[in-house]
Amino acid sequence: MREVATLRTVLSQNVIDAAIAPPLMTARGLGCSIKGQRLVRDVDLTIRQGRRTVVLGPNGAGKSVLLRLLHGLLPASEGTVLWRGNPLGADAQDGQAMVFQRPVMLRRSVLANLNFALKVRGFRGPERARRAAQALEMAGLDHLAKRPARVLSGGEQQRLAIARALATGPDLLLLDEPTASLDPAATARIEALIGQAHASGVTIVMVTHDRGQAQRLADDVVFLQDGRLAESGPASTLLHSPRSDAVRAWLDGRLFVTTPQTQP
Amino acid sequence: MREVATLRTVLSQNVIDAAIAPPLMTARGLGCSIKGQRLVRDVDLTIRQGRRTVVLGPNGAGKSVLLRLLHGLLPASEGTVLWRGNPLGADAQDGQAMVFQRPVMLRRSVLANLNFALKVRGFRGPERARRAAQALEMAGLDHLAKRPARVLSGGEQQRLAIARALATGPDLLLLDEPTASLDPAATARIEALIGQAHASGVTIVMVTHDRGQAQRLADDVVFLQDGRLAESGPASTLLHSPRSDAVRAWLDGRLFVTTPQTQP
Amino acid sequence: MSLVAGWDQALSEIVLLSLQVTLSAVFVSCLIGLPLGAMVGAFRFPGRRPAILIMNVLMGLPPVVVGLMVYLMLSASGPMGVLGLLYTPTAMIIAQTVLVTPIVAALSRQVVEDLHQEYSEQFTSMGVGPLQRIMALLWDARFSLLTVVLAGFGRAVAEVGAVMIVGGNINHVTRVMTTAIALETSKGDLELALALGLVLLLIALLVNLVVMTVRGTAARASYA
Amino acid sequence: MSLVAGWDQALSEIVLLSLQVTLSAVFVSCLIGLPLGAMVGAFRFPGRRPAILIMNVLMGLPPVVVGLMVYLMLSASGPMGVLGLLYTPTAMIIAQTVLVTPIVAALSRQVVEDLHQEYSEQFTSMGVGPLQRIMALLWDARFSLLTVVLAGFGRAVAEVGAVMIVGGNINHVTRVMTTAIALETSKGDLELALALGLVLLLIALLVNLVVMTVRGTAARASYA
Amino acid sequence: PATAREFILMQSTTSTQNSGLFDHLLPIFSQKTGIDVRVVAVGTGQAIRNAQNGDGDILFVHSRPSEEKFVADGYGLSRQDVMYNDFVIVGPADDPAGIAGLTDVTAALSEIATARAIFASRGDDSGTHKAELRLWSAAETDPFIGLGSWYRETGSGMGATLNIAVGMGAYALTDRATWIAFGNKRDHRIVVEGDPRLFNQYGIIVVNPEKHSAVKADLAQQFVDWVVSEDGQQAIAAYKVEGQQLFFPNAQ
Ligand SMILES: Nc1ncnc2c1ncn2[C@@H]1O[C@H](COP(=O)(O)OP(=O)(O)OP(=O)(O)O)[C@@H](O)[C@H]1O
Ligand SMILES: Nc1ncnc2c1ncn2[C@@H]1O[C@H](COP(=O)(O)OP(=O)(O)OP(=O)(O)O)[C@@H](O)[C@H]1O
Ligand SMILES: [Mg+2]
Ligand SMILES: [Mg+2]
C-alpha cells in the first residue's frame with residue numbers, strides 16, 4: 001500500500017489542523033431543480049483543505065446530486081459554489097476527481113481505461129506507464145489489465161474506478177459510495193488508501209451508507225435529507241451527539257424510507 | 001410490510017425443515033468459460049426448497065457469474081444445472097426472478113417498469129394495478145411513480161429492482177448484492193421483506209459482502225473463491241467454525257484482493 | 001422562384017403526389033424494416049451474421065435496378081402484370097419500399113442491438129417473450145429510431161431512378177418532385193430544376209420539423 | 001450473365017472507377033461527417049437543434065439537385081470552372097461527398113449522442129477536452145458507426161443522378177456501374193442492365209465482407 | 001487510358017448515343033487524328049445549355065430551330081448538316097388505333113386521337129418531342145385534351161419513353177436508329193413510316209471560343225471537318241445494326 005504514499009508525497013508533512021484549514025470549496029444557498037423538482041436546496045457547506053467530509057443521508061436524499069453540484073456536473077439553480085475561491089467555471093474539474101456511484105467504464109481494456117484518464121490529465125510516456133502500473137496494483141487488478149473493463153465484476157469495476165481517480169493525483173477527491181460493492185478486505189484496503197491519500201494532503205468528500213465507515217473516516221459530517229442539510233459539523237459531535245431528529249433516527253437505523261418530498 | 005405476506009400466503013404454513021427440504025435446484029460439476037477464461041468451475045451445489053442460501057466470496061470470485069448460470073443467463077461450459085429436476089431449458093426463468101448487481105431499468109417511468117414486468121408474467125387489469133401499487137409501497141417509491149426510472153438515485157433504483165422482482169411472485173429469488181447501496185433503514189426493511197418472502201415459502205439465493213447480513217439471513221452458505229467452491233454448508237457451521245482457510249480469512253477481514261487466477 | 005410561383009396548381013399536384021408516395025413507402029418500410037431490424041438485432045440465431053451482411057449490402061441496392069425488377073414484375077408480360085399496377089403511384093410506392101426497407105432494417109438493427117446489450121439479461125430474466133421483447137426494444141429506442149426513419153425518408157424523398165422507371169414520370173399521373181427535377185434538367189432549364197429542388201428540400205424540412213416537434217412533445221410527455 | 005462475362009475489360013474498368021469514386025467519396029464524407037456528427041452529438045451549444053434538423057433534412061438532398069449545384073460550380077462558366085474538373089472522376093467524388101456527408105453526419109450524431117449519454121459526466125469529471133472527447137466517442141462507438149459508414153457507402157455506390165450530371169457518363173472516362181446501368185436501361189437492354197446491377201451488388205457485398213471481416217478481427221483483438 | 005492524349009468534349013443527345021453510332025464513329029476518328037472524343041449524352045435542352053455554359057466543344061443534336069438559335073445567339077460558330085434519319089411511329093402488335101401500314105403520319109395521329117389509344121410522348125422539349133408536336137399540329141389535332149388519360153407525357157429520354165410505351169402498350173414517336181438499336185421491343189413494332197414529314201436532320205456546331213476561352217475550337221473543327229468529309233460521311237453510312245443502315249449522310 002505504499003503506492004499512494006509514493007504517489008503524493010508533496011503535502012504529506014503538512015496535514016493541516018482542522019480548525020485553521022482554509023476552505024477549499026464553499027457552497028452558499030446551493031439548490032438544484034430539474035424539470036420542476038427541487039432535488040437539493042439551501043445547502044451551505046464548507047469543505048476544508050485536507051479534511052475528510054462524509055456525506056450521509058437516506059436513499060434519494062440528494063447526496064449524489066450534491067456531489068455533482070460540487071463537481072460542476074450539474075448547474076446550480078440557486079446559490080453558488082466556490083472552488084479555490086472562484087465560482088465554478090469551465091475548469092471546475094481541474095484538480096478534482098470523482099468516483100461515481102455507478103462506475104462508468106470506457107469500452108476498452110482495464111489498462112486502456114487507466115491510460116486514457118492519465119493521458120487526459122497530461123501524463124505521457126514512462127510517467128504514465130508508471131502511474132498506470134501503480135494504479136493496477138492498487139486496485140489489485142494486475143492480472144486483469146488486458147480484460148475489457150466492462151466485463152469486470154461489480155467490485156472490480158468499483159476498484160478500477162477508484163484507482164483511476166487516484167492515479168491522476170487530484171487535490172479533491174469526491175467518492176460516491178466507493179465501497180458499496182466491495183468485499184470486506186477490499187473495503188479495508190480502500191479505506192486505508194483513502195486514509196493515505198488524506199495523509200498526503202488530498203481533500204476528500206465521500207458518500208456512504210456505512211455508519212462504521214463514517215466513524216472510521218470522517219473528520220466532518222454532512223447529513224442530507226429531502227435535499228436539505230439536516231445537520232453538519234465535526235464527526236465527533238455529529239455522530240455522537242446529534243442535534244437533529246433525522247440524524248438520531250438514522251444512527252439508530254430507524255430513519256425509514258423517505259416520505260414524499262414536499263413539492264416546491 | 002404486510003404486502004409480501006398477502007402476496008404469498010400459499011406456502012406460508014409449511015416452512016420446510018432444512019434437513020428434509022427437497023432440492024429445488026442442483027448444480028453438478030458446473031463450470032463456465034468465456035473466451036478461454038474459466039470464470040467458474042467444478043461447482044456442486046444444492047439449493048433446497050424454501051431455504052435461504054447466501055453466496056459469499058471476494059470480488060471477482062464468480063458469484064455473479066454463478067447466479068447467472070443458475071438463472072440460465074449464461075450457458076454452462078461444463079456440468080449441469082437441474083431446475084425442479086429438469087435441465088435448464090428455454091423456460092429456465094419460469095418461476096424465478098433475479099435482481100442484478102447493477103439494476104437495469106427500462107427507459108420508462110417507475111410505474112411503467114413495474115407494469116411491464118407484471119404484464120410479461122401475465123398479470124392483467126386490476127390484479128396488475130394492485131400488484132404494482134403494492135410494489136411501489138414496498139419500495140417506498142409511491143411519490144416517484146411517474147418519474148423516469150433511470151433518473152432515480154442508486155438506492156431508489158435498487159429498491160425498485162427488488163420490488164419489481166418480488167411483485168411477480170417468484171418461487172426462487174436470486175439477489176445479487178441487493179442492499180449494496182441502500183441506507184441502513186432501507187437495508188433493514190429489505191431484509192425484513194426477504195424474511196417475509198422466505199416465510200411465505202420463497203426460496204432465496206443471495207450474494208452479499210456484508211457479514212452481518214449473512215449471519216442474519218443465511219440458512220445455507222456457499223463460499224466462492226477464484227471461481228471454485230471453497231466451502232459450503234449450513235450457516236451455523238460455516239460462519240462459526242469454517243473448515244477452509246479462505247472462509248476463515250474472509251470472516252476475519254483478512255482475505256485480500258484475489259491473486260491472479262491460475263489459467264486453465 | 002417566380003417560375004415556381006407561377007406554376008401553382010401543377011406544382012401542388014406534384015408535391016402532394018411526392019408526399020403521398022414517399023410517406024406511404026416509408027410507412028410500409030417501417031412496418032417491415034423496424035421489426036425485422038429489431039429481430040436480427042435482438043436474437044441470436046444461426047445465419048444471423050449473413051442476415052446482417054445482406055441487410056447492409058442491400059442498403060446499396062441501386063434504384064435503377066430496383067426500378068427494373070419491379071418493372072419486370074409489374075409489366076404486362078410479368079408475373080403480376082394482370083394487376084395493371086405499372087405506371088401508377090402504387091408501383092412507385094412498391095419500388096421505394098424495396099429501396100428503403102433495407103436501410104430502415106439495417107440501421108434499426110444496429111440501434112436495437114446496442115440497446116439490447118443493456119436489456120438482454122434483464123429481459124430474459126423477466127421471461128419476456130420474443131414479440132414483447134421486440135416491441136419493448138422498439139419502444140424504448142424510439143427516439144434513436146426516429147433518425148433511422150428520417151434517413152429512410154431522406155432516401156425515399158430524394159429518389160428518382162426507381163420511380164422514374166416504374167412510374168414513368170407521366171404528367172398528372174406519376175410525376176413527382178424528383179422526376180420533375182430530372183425532366184427540367186434534361187430540358188436544360190437548370191434554374192427551374194434547382195427551384196424545384198429547393199421546394200423538395202422545403203418539403204423535407206417540413207416533414208422533419210413535424211417529426212421533431214412530435215418527438216419533443218412525446219419526450220416531454222414521457223417524462224411527466 | 002454471359003453478356004457480362006464477355007465484356008471483361010470494359011467492365012473491370014467501370015468497376016474499378018466505381019470503387020474508386022465511391023470509396024473516395026465515402027472516405028471524405030467520413031472525414032467530415034463523423035467528427036461533425038460527433039460534435040453535434042456530444043456538445044450542447046446554441047443552435048444545436050437547428051443543426052440536427054438541417055443534418056436530418058440534408059439526408060433527403062436529391063442527387064439531381066446536388067449534381068446540378070456541383071455542375072454549376074464546376075462548369076466553365078461557373079466560379080470554379082478554371083479548374084477543369086467537370087466531367088472528371090474528381091467531380092463525381094465531390095458530388096457524392098456532398099450527398100453522403102449529411103447521411104454520415106446525421107446518423108453518427110445519433111449514435112454518438114446515445115453513447116455520450118453514458119460517458120458525458122465521466123468525461124467532464126476527467127477533464128476530457130473537446131477534441132479528445134470526440135476522438136474517444138468515435139473510437140468507442142466504432143462498431144456501431146460501421147453500420148453508419150456502410151449506409152453512406154450504400155447511398156454512394158447506388159447513386160446515379162448526381163454522377164450522371166457532373167461525370168457525364170463518358171465512356172472510358174467517367175462511366176461507372178450506375179451510369180452504365182442507366183445507359184443500358186435506356187437502350188432497352190434490360191437484361192444487361194440487371195446483370196450489371198447484380199455485379200454492382202456483388203461489389204457492395206465484397207466491400208461489406210471486407211469491412212465485416214476487419215470488424216470481426218478488430219473486435220477479437222480489442223478483447224485480447 | 002486517354003490521359004496523355006488530347007480530347008474534345010461533345011454534347012449530344014441520349015437518342016444518338018443509344019443508337020450506337022458514336023461507338024462506331026469515334027474510334028475511327030481517334031485512330032486517324034489521335035484526338036479522343038468524349039460524349040456527354042443528355043436531353044437536347046440540357047445539351048444545348050451545357051454547350052452554352054462552355055462545357056463542351058461541340059454540339060451535336062437534332063433540333064434545327066434550337067441549333068439555329070444557338071448560333072444566332074453567338075454561342076456557336078456555324079451549323080452544318082451532317083446526316084439524317086427518320087422518325088417512325090411504333091405501337092403494339094394489336095394496333096388498337098388500326099393505323100398499321102399508314103404512310104400518312106397526320107392521318108395516323110388523328111386516328112390515335114379518335115380511338116383514344118394510348119400515346120407516350122417524350123414531353124421533354126427534346127428534338128424528337130418538338131418534331132412530334134409539329135406533327136400533331138399538322139394533323140390539326142390537340143393531344144393535350146387527352147393529357148393524363150390517353151396522351152401520356154413521360155418527361156423522359158427516348159429509351160425510357162420506349163420502355164414505358166412497351167410497358168403500357170402505347171404508341172410512340174421515335175427515331176428509327178434508336179428503335180432498331182433498342183433492346184426491349186417485346187411485341188412492339190413500327191406501324192407508321194415513310195412519310196416525308198418524318199425526316200430527322202442532325203446538325204453539328206463548334207462552340208464559340210470567344211464565349212469560353214477553354215473551348216478547344218481547333219480540335220473541334222477538326223472533328224467537324226472530318227465528319228462532313230468524304231471519309232466521315234462514308235463511316236456514317238457504313239454503320240448498320242441488324243443489316244439496316246441507321247443514318248444517311250447528307251453534308252453539303
Ligand atoms: N435528472 C433527474 N431528474 C429528476 N429527478 C432526479 C434526477 N436526478 C436525481 N433525481 C432525483 O433526485 C433525488 C436525489 O437523488 P440522488 O441520486 O442525489 O440521491 P442519493 O442521496 O444519492 O441517494 P442514494 O443513496 O440512493 O444514492 C432522487 O429522488 C432522484 O430520483
Ligand atoms: N463476459 C466476461 N468475459 C470475461 N470475463 C468475465 C466476464 N464476466 C465476468 N468475467 C470475470 O469473471 C470474474 C468473476 O466475475 P463475477 O462478476 O462473477 O464476480 P463476483 O464474484 O460477482 O464479484 P463482485 O463481488 O465484485 O461482484 C471477474 O474477474 C470478471 O472479470
Ligand atoms: Mg447516490
Ligand atoms: Mg458480482
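Below, each value reflects all heavy atoms present in this structure, side chains not excepted, and no hydrogens, waters or symmetry copies. Lettering follows sequence order; numbering is per chain, from 1.
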Give the member of [options] that has the highest number of heavy-atom pairs under 4.5 Å with chain D.
{"options": "C:I181, C:V64, C:L53", "answer": "C:L53"}
{"options": "C:P102, C:G161, C:P63, C:A156", "answer": "C:P63"}
{"options": "C:L115, C:L150, C:V66", "answer": "C:L150"}
{"options": "C:I52, C:I165, C:L61, C:L58", "answer": "C:L61"}

Side chains of [X] and [Y]: closer than 4.5 Å at any heavy-atom pair?
{"X": "C:I134", "Y": "C:L34", "answer": "no"}
{"X": "C:L23", "Y": "C:F153", "answer": "yes"}
{"X": "D:V210", "Y": "D:V207", "answer": "no"}
{"X": "C:L200", "Y": "C:L196", "answer": "no"}

Write down the atom of [X], the atom of [Y], and the distance for their closest heavy-atom approach.
{"X": "D:L74", "Y": "D:L85", "result": "CD1-CB, 4.1 Å"}
{"X": "C:V70", "Y": "C:A91", "result": "CG1-O, 4.2 Å"}
{"X": "C:A158", "Y": "D:P62", "result": "CB-CA, 3.5 Å"}
{"X": "C:P89", "Y": "C:L17", "result": "CG-CD1, 3.9 Å"}
{"X": "C:A193", "Y": "D:L68", "result": "CB-CD1, 3.4 Å"}
{"X": "C:G60", "Y": "D:L201", "result": "O-CD2, 4.1 Å"}

Among [options], single out the residue with the greatest number of heavy-atom pairs under 4.5 Å to chain C.
{"options": "D:L209, D:V111, D:I103", "value": "D:L209"}
{"options": "D:L146, D:V160, D:L107, D:L206", "value": "D:L107"}
{"options": "D:I54, D:L205, D:V157", "value": "D:L205"}

Between chain C and chain D, which N/O donor-acceptor pairs sit under 3.5 Å?
residue, atom, partner, partner atom, Å
C:R109, NH2, D:T147, OG1, 3.4
C:Q110, OE1, D:T147, OG1, 2.5
C:Q110, NE2, D:S144, OG, 3.2
C:D114, OD1, D:S144, OG, 3.2
C:D114, OD2, D:S144, OG, 2.7
C:S144, OG, D:Q110, NE2, 3.2
C:S144, OG, D:D114, OD1, 3.2
C:S144, OG, D:D114, OD2, 2.7
C:T147, OG1, D:R109, NH2, 3.4
C:T147, OG1, D:Q110, OE1, 2.5

Checking D:L99 against chain C: side chain, backbone, both or neither under 4.5 Å from a heavy atom? neither
